[in-house]
Amino acid sequence: MLNADWLLFNASIFLTMTRRIAVVPGDGIGKEVIPNALEVVRATGASVEFTTFDWGADRYLIDGTTIPADGFHMLARDFDAVFVGALGDPRVPTNIHAKEILLGMRFKMDLYANVRPVRLLDASLCPLKNVTPDDINFTVIRENTEGVYMDMGGNFKMGMPEEVATQEDINTRKGVERVIHFAFKYARDNGRKKVMMSDKSNVMTYAGGLWQRVFKEVAQQYPEIQTQHMYVDALCLQMVRDPKSLDVIVTNNMFGDIVTDLAAALQGGLGMAASGNIHPGRTSMFEPVHGSAPPIAGKNMANPMGSILTAAMMLAHLGLNAEAQKIENAVLDAVREKKTTVDVGGSLGTKECAAWIAERVAK
Ligand code: ATP
C-alpha cells in the first residue's frame with residue numbers, strides 16, 4: 001500500500017472504531033450528573049462503549065478499596081479516555097480515597113496538562129455587567145503533576161506553640177517545559193494568538209525564575225504566537241476587569257486551581273465549567289471542574305451542564321468533533337431557552353435538564 005493510502009486507511013479505522021471510555025461517577029453530585037451526561041452522549045449516536053467503575057466513598061467504606069492495585073495500568077491499557085464525576089465525601093474526613101483516585105490518575109497516568117476552557121455561552125450567565133459571549137473566551141492550562149500537590153513537607157513539634165509546618169513547591173525543568181510547550185501547541189492548533197504565563201516570581205523567586213527562563217526559551221520555538229507575563233494577583237484583577245484581553249494562560253498547579261474557580265464564576269458558576277487532564281498520545285481523563293458538592297447531593301439539583309460540556313470536550317479529543325459540536329449547540333439552546341437548573345436561572349432538575357439536552361441532540 002502507498003504511504004498516502006496507508007494514512008487514509010488508518011484514518012478511516014480511527015474514524016469508525018468504537019471508543020472505549022471508563023466512567024467513574026465517584027461521589028456526591030458526581031453520581032447524578034455523570035449518568036445523565038452519558039445519556040446525552042448516547043443521544044449523539046457516537047460510537048462509544050462505556051464501562052462504569054464504582055470507585056468512590058461508598059466502595060471505600062465497604063471494603064477499603066480506593067483503586068484496585070493495577071487500576072491505573074488497566075485504564076491506560078484498556079481505555080481511550082476516562083470520564084470522572086467528582087470525589088469527596090464527608091464520611092471520609094481524610095479524603096484519602098479522593099486523593100488516591102483523582103490525584104493518582106493525574107500523577108500516575110502522568111496527565112500533566114489540565115485544560116480548562118472558559119467560554120461564556122450567554123450574557124445572562126455572567127455576573128459582570130455589559131459583557132457578551134465575545135468578551136469571555138479563553139483557556140487556562142494548569143500544570144497538573146507538580147507544585148504543592150506533591151504532598152512533600154512536614155510538621156515539627158506538632159501541637160506545641162513552637163510548631164513548624166513546611167509545604168514544598170516542586171517545579172522540575174521537565175515538568176515546566178512540557179506544560180509550556182503544551183500551551184503553545186494548544187494556541188497554535190486552536191487558532192489562538194497569545195500565551196500568557198502567570199506566576200508569582202516576584203516572591204517565589206526560585207520556582208518563578210525557572211518558569212520565567214523556560215517560558216522565554218520555549219516561546220522562541222513558536223514565533224507566530226505572542227507572549228505575555230502577568231503576576232497571578234494581577235491576573236485575577238484582569239479576569240474581572242478585562243477578560244476579553246485573555247487568550248491562553250499557562251500557570252502552575254495551585255494558581256491554576258484558584259484562578260479557574262474565578263474563571264468558572266465568569267461563565268455561570270462551577271456547574272458550567274469543563275476540564276480535561278491530558279497527556280498527548282495517552283489515555284486522558286475528563287472531569288467537570290466542580291467537586292462532589294455534598295450540600296446539594298441526592299436532591300436532583302446539580303447542574304449537569306459542566307459534565308455534559310466535559311463529555312463534549314472528551315469526544316472532540318477522541319476525534320468525534322461532529323458529535324461534540326451537537327452537544328455544545330444543544331447546551332447553548334438550553335441556556336438560551338432557560339431549560340436549566342436553578343443555579344443558572346432555570347427551574348429544571350438535574351435529570352430534566354439533561355433529558356432536554358439529550359432530546360435536542362437527538363433531533
Ligand atoms: P469537593 O470537596 O468535592 O470539592 P465542595 O462542595 O467543596 O466539594 P464543589 O463541589 O466544587 O466543592 O462546590 C461548591 C459549591 O458550589 C457547592 O456546594 C454548590 O453550592 C455549588 N456547586 C458546585 N457544583 C455545582 C453544580 N454542578 N450545580 C450546582 N451547584 C454547584
Side-chain angles (χ1 to χ4, degrees), residues 113-144 147 176 179-204 207-209 211-276 278 289 306 309 313 316 328 331-332 335 344:
N114 186 203
V115 180
R116 297 188 170 189
V118 184
R119 242 171 356 119
L120 179 63
L121 294 180
D122 189 74
S124 65
L125 296 178
C126 188
L128 303 182
K129 279 186 277 180
N130 305 324
V131 163
T132 70
D134 284 346
D135 296 326
I136 297 181
N137 183 1
F138 62 93
T139 302
V140 180
I141 313 282
R142 164 188 174 191
E143 201 293 318
N144 217 20
V176 174
V179 77
I180 291 177
H181 264 295
F182 185 98
F184 277 100
K185 285 188 191 136
Y186 180 93
R188 198 179 57 192
D189 297 347
N190 290 279
R192 300 283 188 167
K193 300 204 161 27
K194 185 172 69 181
V195 175
M196 173 201 288
M197 193 274 281
S198 187
D199 63 15
K200 192 70 185 157
S201 50
N202 48 347
V203 182
M204 300 168 70
W211 277 79
Q212 295 272 356
R213 280 181 278 120
V214 172
F215 185 61
K216 285 192 186 114
E217 282 168 30
V218 172
Q220 286 174 9
Q221 297 175 42
Y222 304 87
E224 72 281 21
I225 308 289
Q226 297 164 36
T227 60
Q228 190 182 3
H229 169 259
M230 204 171 259
Y231 295 128
V232 69
D233 41 353
L235 171 62
C236 291
L237 191 76
Q238 185 83 348
M239 280 171 68
V240 175
R241 280 191 25 183
D242 186 17
K244 195 174 184 166
S245 65
L246 304 172
D247 203 346
V248 175
I249 299 163
V250 60
T251 190
N252 75 17
N253 208 339
M254 188 165 74
F255 296 149
D257 188 9
I258 297 168
V259 301
T260 51
D261 262 33
L262 174 54
L266 297 178
Q267 57 188 138
L270 282 169
M272 296 300 297
S275 86
I278 315 258
V289 170
L309 291 168
M313 193 177 171
E328 290 194 1
V331 171
L332 182 58
V335 169
V344 284

Participant: How far apart are the C-alpha atoms of Leu128 and Leu266, what are their side-chain angles, what is the distance that settles it, and do they pass the side-chain contact (heavy atoms from CB on, under 4.5 Å) test?
Facilitator: CA-CA 7 Å; Leu128 303 182; Leu266 297 178; 3.7 Å; yes
Participant: Given 3.5 Å as the limit, does a donor-acceptor pair link the side chain of Asn253 with the main chain of Arg142, or not?
Facilitator: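 No.
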Participant: Would you call Arg192 and Asp247 a salt bridge, taking side-chain N to carboxylate O under 4.0 Å as the test?
Facilitator: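 Answer for the salt bridge query: yes.
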Participant: Got Ile278 and Tyr186 here, is their nearest side-chain heavy-atom distance under 4.5 Å?
Facilitator: no
Participant: Answer yes or no: is there a side-chain heavy-atom contact under 4.5 Å between Val259 and Leu235?
Facilitator: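 When only atoms from C-beta onward are counted, Leu235 and Val259 do touch, with a gap below 4.5 Å.
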Participant: Kindly compute the distance separating NZ (Lys216) from CE (Met197), expressed to the nearest 0.5 Å.
Facilitator: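 These two atoms lie 8.0 Å from each other.
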Participant: Check whether any side-chain heavy atom of Val195 sits under 4.5 Å from a side-chain heavy atom of Val250, and report yes or no.
Facilitator: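 Yes. Closest side-chain heavy atoms under 4.5 Å.
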Participant: Please name the pair of heavy atoms, one in Ala274 and one in Pro117, separated by the smallest distance, quoted to 0.1 Å.
Facilitator: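 Closest approach of Ala274 to Pro117, heavy atoms only: O-CD, 3.5 Å.
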Participant: Is a side-chain donor or acceptor of Thr251 paired with a backbone partner of Ser198 at a separation under 3.5 angstrom?
Facilitator: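 Yes, because the side chain of Thr251 sits within donor-acceptor range (under 3.5 Å) of the backbone of Ser198.
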Participant: Considering only heavy atoms from C-beta outward, does the side chain of Glu328 approach that of Arg119 to under 4.5 Å?
Facilitator: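 Yes, their side chains come closer than 4.5 Å.
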Participant: For His229 and Ser201: C-alpha separation, side-chain torsions, deciding distance, then whether side-chain contact (heavy atoms from CB on, under 4.5 Å) applies.
Facilitator: CA-CA 10 Å; His229 169 259; Ser201 50; 4.0 Å; yes
Participant: Has Lys194 got a side-chain atom pairing as donor or acceptor with Ser245's backbone, closer than 3.5 angstrom?
Facilitator: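 A pair under 3.5 Å: yes.
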Participant: What is the distance from atom CD of Gln267 to atom CZ of Arg116, rounded to the nearest 0.5 Å?
Facilitator: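 Rounded to the nearest 0.5 Å, the CD-CZ separation comes to 10.5 Å.
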Participant: Would you find more than 12 non-hydrogen atoms of other residues, nucleotides or ligands less than 6.0 Å from Asn130 atom CG?
Facilitator: no
Participant: To the nearest 0.5 Å, how far apart are CE in Met239 and CZ in Arg241?
Facilitator: 14.5 Å
Participant: How about Thr132 and Asp134: does a side-chain donor come under 3.5 Å of a side-chain acceptor?
Facilitator: no
Participant: With a 6.0 Å cut-off on the ring centroids, do Tyr231 and Phe255 count as close?
Facilitator: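 Ring centroids of Tyr231 and Phe255 are no less than 6.0 Å from each other.
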Participant: Could you pull out the closest heavy-atom pair between Val131 and Cys126, with the gap in Å?
Facilitator: CG1-SG, 4.1 Å
Participant: For the pair Val179 and Ile141, evaluate side-chain contact (heavy atoms from CB on, under 4.5 Å) and give the outcome as yes or no after the intermediate values.
Facilitator: CA-CA 8 Å; Val179 77; Ile141 313 282; 3.9 Å; yes
Participant: Using the ring of each side chain (for Trp, its six-membered ring), is His181 parallel, tilted or perpendicular to Tyr222, with breaks at 30° and 60°?
Facilitator: perpendicular
Participant: Which heavy-atom pair separates Val289 from Ser275 by the least distance, and what is that distance?
Facilitator: CG2-CB, 3.9 Å
Participant: When you compare the side chain of Thr227 with that of Phe184, does any pair of heavy atoms fall below 4.5 Å?
Facilitator: yes
Participant: Between Val248 and Met196, does the side-chain contact (heavy atoms from CB on, under 4.5 Å) criterion hold? Intermediate values first, please.
Facilitator: CA-CA 6 Å; Val248 175; Met196 173 201 288; over 6 Å; no
Participant: Closest heavy-atom contact between Phe215 and Gln228?
Facilitator: CE2-O, 3.6 Å
Participant: Counting C-beta onward and ignoring hydrogens, is there a side-chain heavy-atom pair between Asp199 and Asn252 closer than 4.5 Å?
Facilitator: no
Participant: If we only count heavy atoms from C-beta on, is the Leu262 to Cys236 side-chain gap below 4.5 Å?
Facilitator: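 Yes; the side chains approach each other to less than 4.5 Å.
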Participant: Could you state the interatomic distance from CG (Leu332) to CG (Asp122), rounded to the nearest 0.5 Å?
Facilitator: 7.0 Å
Participant: Would you give the length of the straight line joining atom CE of Met230 to atom CG of Leu246, rounded to the nearest 0.5 angstrom?
Facilitator: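 Between Met230 CE and Leu246 CG, I get 7.0 Å after rounding to 0.5 Å.
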Participant: Would you mind reporting whether Ile225 and Lys193 have side-chain heavy atoms less than 4.5 Å apart?
Facilitator: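 No, side chains not in contact.
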